[in-house]
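Everything on this sheet refers to the single structure shown next.
First the proteins, then the strands, lettered A, B, ... as listed; each starts at 1.
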Amino acid sequence: MSSTVETSSPLLDGLNPQQREAVLYRGHALLIVAGAGSGKTRVLTHRIAGLLESREAWPSQILAITFTNKAASEMRERVQHLVGRAADGMWISTFHSACVRILRREAEQFGYSKSFTIYDSGDTRALLKRIIKQREADVLGFTVPSTAAKISKLKNELADVDSYARQANFNDPNEVMFAQLFRDYSRELSAANAFDFDDLIAQTVYLFRAFPHVAAEYQKRFRHILVDEYQDTNHAQYALIRELTKAPEMPDGELFSAVQPASLTVVGDSDQSIYAFRGADIRNIVEFERDYPGARVVLLEQNYRSTQNILSAANAVISNNFDRKDKKLWTAVGDGEKIVGYTGYTGHDEAQFVADEVQKLRDAGMAYHDMSVFYRTNSQTRALEEILIRSAIPYRVVGGTKFYERAEIKDAMAYLVSVANPADTLSVRRILNTPKRGIGPATETSIATFAENNGMTFRDALRYAAELGLGPKVTGAIAELSDLLDEAYELSETRRDGSGVPEVLGLLITKSGYLDALRASRDPQDEARAENVEELLAVTKEFQRNNPEGTLLDFLTEVSLVAAADDLDDRSGSVSLMTLHTAKGLEFDAVFLTGVEEDLLPHRMSAGEPGGPAEERRLFYVGITRARKRLFISLAMTRAQYGDVSVALPSRYLQEIPAELIEWKQSPGMATSRGGTQPRALNARRDGYGGAYSIPASRGSQANKPKTEWSNRVTGQVRDNSALVLEAGDRIKHTDFGEGRVMAVTGEGAKRIAEVQFDTAGRKRLLIKVAPIEKI
DNA sequence: ATCGCTCGGGTTTTT
DNA sequence: CCCGAGCGAT
């Protein structure tokens with residue numbers, strides 16, 4: 001049914017020929033190989049709008065899948081911009097939320113109830129911990145993380161307990177034990193009416209395979225399926241798409257045989273595949289043409305994001321990966337500035353470089369939120385944060401230890417889950433003695449035993465507190481908790497309309513005494529925890545405002561599926577800090593790639609794995625291609641890890657960037673060449689590296705500056721200068737920068753900032769409260 | 001049952 | 001360095 005969209009349509013304005021082809025092509029399968037920054041979201045949204053405009057599809061017949069909620073809402077917004085309200089009826093969501101939506105509708109078909117809850121990796125770990133202990137599997141060397149990883153891997157490959165057991169070697173006690181653990185885990189999950197992350201996809205595939213009439217419903221409904229970031233799909237996700245793009249199978253043969261399979265559009269870039277560790281299979285995209293014979297392939301190579309210098313660096317790096325389709329990004333915008341490189345003596349030194357450059361960019365008119373700092377591992381944030389705080393640069397860490405992973409938030413959420421899904425024993429156990437009610441492990445066990453003996457859930461066993469033969473105090477505490485959960489349940493049932501979720505949460509955290517316990521605690525951290533719980537209450541109110549019809553279950557689902565990048569607020573006036581993984585799909589005017597060292601990038605854990613170095617190179621490539629105008633690459637010669645420092649070597653990938661593209665403010669060679677105070681071993685190992693970097697002659701003056709400029713001594717001690725009064729004209733002494741004169745003081749209270757002209761280290765902004773300074 | 005101490009172990013990336 | 005587990009004291 002190939003009707004054509006007029007070539008004069010405004011949908012095609014400003015698109016290059018390849019983009020137009022990708023928008024206009026009509027056929028059963030289309031692969032858009034989209035290099036970084038080549039306008040793939042534009043192509044996808046215009047393609048969707050074209051389908052609607054030409055009446056080839058109703059909104060409800062379109063399913064667009066992304067990996068993050070952020071990408072999904074961005075896509076929805078842009079489609080809305082093109083077609084207005086018609087966007088409302090479309091499914092634009094992540095793999096996970098699309099599957100939750102399907103599973104909630106169909107749960108009863110296969111023995112779940114629609115009130116199932118979703119276990120995050122923390123829940124999974126907690127459950128496995130109990131199971132491993134019960135089976136005493138730890139003596140065989142089973143650990144929670146390794147077991148969790150193995151189960152996850154199997155589920156991503158669509159293996160279940162039975163299929164694992166069938167091929168397991170029963171002479172190997174480890175395999176027997178693992179099968180047992182896997183079985184226990186699966187049993188506990190279904191008893192709790194819960195799915196873990198991997199189940200959401202895998203169970204949907206099972207559902208479709210076991211119930212063809214259910215599958216047929218979705219196969220008929222979705223006529224156009226579009227998948228973003230296809231290179232990051234794992235086997236289960238691949239299988240899900242395959243199921244959805246099959247011709248619907250009818251119980252009695254011919255009736256619907258006229259229904260064609262849905263058309264499939266996938267967009268991806270194998271050079272940006274960085275999730276192999278999570279089961280992503282690059283073959284899904286590489287072999288797409290074989291999977292879908294007759295598929296059209298469109299290549300998008302023109303880049304609309306970065307300068308040519310940045311792209312040339314990216315091209316040069318990625319071309320070192322063999323076994324890839326050659327692809328060269330190019331741009332019409334010109335060379336732009338050179339990449340700036342810097343080698344610090346320590347991680348702190350490197351962080352100071354970042355802070356200084358950030359401030360320079362800001363002074364030149366760039367907004368903080370257009371800059372971002374990337375790193376390979378989350379632990380690298382600490383040094384960066386410390387310096388950014390001192391320099392009074394507003395920043396935010398995206399991802400990392402997330403709000404919803406904090407213990408107090410998980411506690412509060414466990415209360416909500418206990419109300420919404422009483423079968424979820426893990427949650428009920430979690431709140432059983434939180435806050436302290438005098439219910440210890442012994443009592444918990446006797447409740448569990450009672451539940452088992454009487455064939456009821458743990459939650460229901462709480463109703464029989466009196467029959468457990470416990471002391472009056474404990475019995476009363478259990479009954480009180482049970483009553484509270486009942487009361488909250490009643491409330492959630494009667495307030496399904498508007499104010500339900502915040503009211504239920506408010507009731508639970510106040511009447512349980514949880515909030516009061518935090519407030520009354522002597523631990524100063526608990527004050528912040530109480531604030532976090534109140535923050536969660538604010539989140540529920542916000543949720544209810546946005547979803548007046550939203551139920552408690554909807555709220556829990558939404559929270560379970562938020563990802564790191566999702567909460568990135570583009571308009572916050574802060575520099576964002578994130579891992580290279582989180583950075584994928586984002587772009588910034590200025591990007592700082594930090595810690596470009598061996599053992600970090602490539603990370604030492606993956607350097608030895610097959611395909612590891614290639615994947616790490618792609619990660620580096622992803623980082624480079626996030627930058628629009630300015631790219632900074634930095635490393636340190638020594639890196640602190642678990643207390644002591646160790647020598648760091650420049651990453652092998654650094655040498656893959658043509659020397660003429662980088663202007664080193666301090667190259668690895670320079671950093672060591674003046675090394676009177678550097679340990680000898682540091683210089684000795686550098687041989688063979690120094691020569692690879694050209695030292696621009698015009699920058700020679702940099703190297704002659706006194707060493708104090710980038711002192712590597714940064715004290716770790718916490719200080720509080722709240723009492724220090726400074727005003728313009730004062731002389732001060734800084735532990736790192738030496739002496740200087742205060743030029744101006746701005747800000748109030750704890751946020752007072754001094755602008756200081758140092759005698760040798762240049763001009764800096766310092767947060768007075770924490771800066772290591774004294775008046776002289 | 002709870003609190004606070006010490007000791008030992010583990011350290012990649014995350015929908 | 002930061003965490004959780006385990007232990008002893010209250």
Practice task
Counting heavy atoms from C-beta on, name the nucleotide in B/dT12, C/dC1, B/dT15 closest to the side chain of A/Thr377.
Solution key: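 For A/Thr377, the side-chain atoms sit closest to B/dT12.
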Practice task
Would you mind telling me which of C/dC1, B/dT14, B/dT12 lies closest to the side-chain atoms of A/Asn378?
Solution key: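 From the listed options, B/dT14 comes nearest.
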Practice task
Report yes if at least one side-chain N or O of A/Thr579 is closer than 4.0 Å to OP1 or OP2 of B/dT14; otherwise report no.
Solution key: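 Looking at the OP1 and OP2 atoms of B/dT14, one of them is under 4.0 Å from a side-chain N or O of A/Thr579.
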Problem - From A/Lys436 atom NZ to A/Tyr514 atom OH, the distance as rounded to the nearest 0.5 Å - result: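 So the NZ of A/Lys436 and the OH of A/Tyr514 are separated by 9.5 Å.
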[X] [atom1] to [N] [atom2], straight-line distance once rounded to whole Å:
| X | N | atom1 | atom2 | result |
| --- | --- | --- | --- | --- |
| A/Arg618 | B/dT13 | CZ | C1' | 13 Å |
| A/Lys133 | C/dG4 | NZ | P | 14 Å |
| A/Leu580 | B/dT14 | CG | C1' | 14 Å |
| A/Leu601 | B/dT13 | CG | P | 13 Å |
| A/Ile274 | B/dT13 | CD1 | P | 13 Å |
| A/Gln231 | B/dT15 | CD | P | 15 Å |

Problem - Base of B/dT14 and ring of A/Phe277 stacked, centres under 5.5 Å, planes under 30° - result: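 Stacking is absent between B/dT14 and A/Phe277, given that the ring centres and planes do not meet under 5.5 Å and under 30°.
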Practice task
Could you check whether A/Phe95 and the base of B/dT15 form a stacked pair, meaning centres closer than 5.5 Å and planes differing by less than 30°?
Solution key: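 A/Phe95 ring does not meet the centre or angle cut-off for B/dT15; no stack.
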Practice task
State plainly whether the residues A/Glu616 and A/Arg376 are in salt-bridge range, i.e. N to O under 4.0 Å.
Solution key: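 So A/Glu616 pairs with A/Arg376 through a salt bridge.
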Exercise for the section: Examine the side chains of A/Asn321 and A/Tyr621 and answer whether a donor and an acceptor come within less than 3.5 Å of each other. Expected result: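 There is no such pair (donor and acceptor under 3.5 Å, judged by atom type) between the side chains of A/Asn321 and A/Tyr621.
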Practice task
Check whether the side chains of A/Tyr218 and A/Glu106 place a donor and an acceptor atom closer than 3.5 Å, and report yes or no.
Solution key: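 Side chains of A/Tyr218 and A/Glu106: pair found under 3.5 Å.
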Exercise for the section: Give one of base, sugar-phosphate or nothing for A/Lys129, where a contact means two heavy atoms less than 4.0 Å apart. Expected result: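 Here A/Lys129 touches the backbone only, sparing every base.
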Handout entry: A/Arg529 backbone acceptor or donor facing A/Asn532 side chain under 3.5 Å
Key =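 Absent.
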Handout entry: Other residues, nucleotides, ligands: >12 heavy atoms within 6.0 Å of A/Glu656 CD
Key =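 Yes, because the 6.0 Å sphere around CD of A/Glu656 holds more than 12 heavy atoms from other groups.
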Practice task
Find out whether the Lys NZ or Arg CZ of A/Arg626 is both under 6.0 angstrom from the six-membered ring centre of A/Phe374 and within 45° of the ring's axis.
Solution key: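 No, cation not above the ring by the 6.0 Å, 45° rule.
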Handout entry: Base versus backbone protein contacts along nucleotides 1-11 of chain B [heavy-atom cut-off under 4.0 Å; B, S, -]
Key = SSSS------B
Exercise for the section: Answer with yes or no whether A/His581 presents, from its side chain, a donor or acceptor under 3.5 Å of a partner atom in the base of B/dT14. Expected result: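 No such pair is found, so the answer is no.
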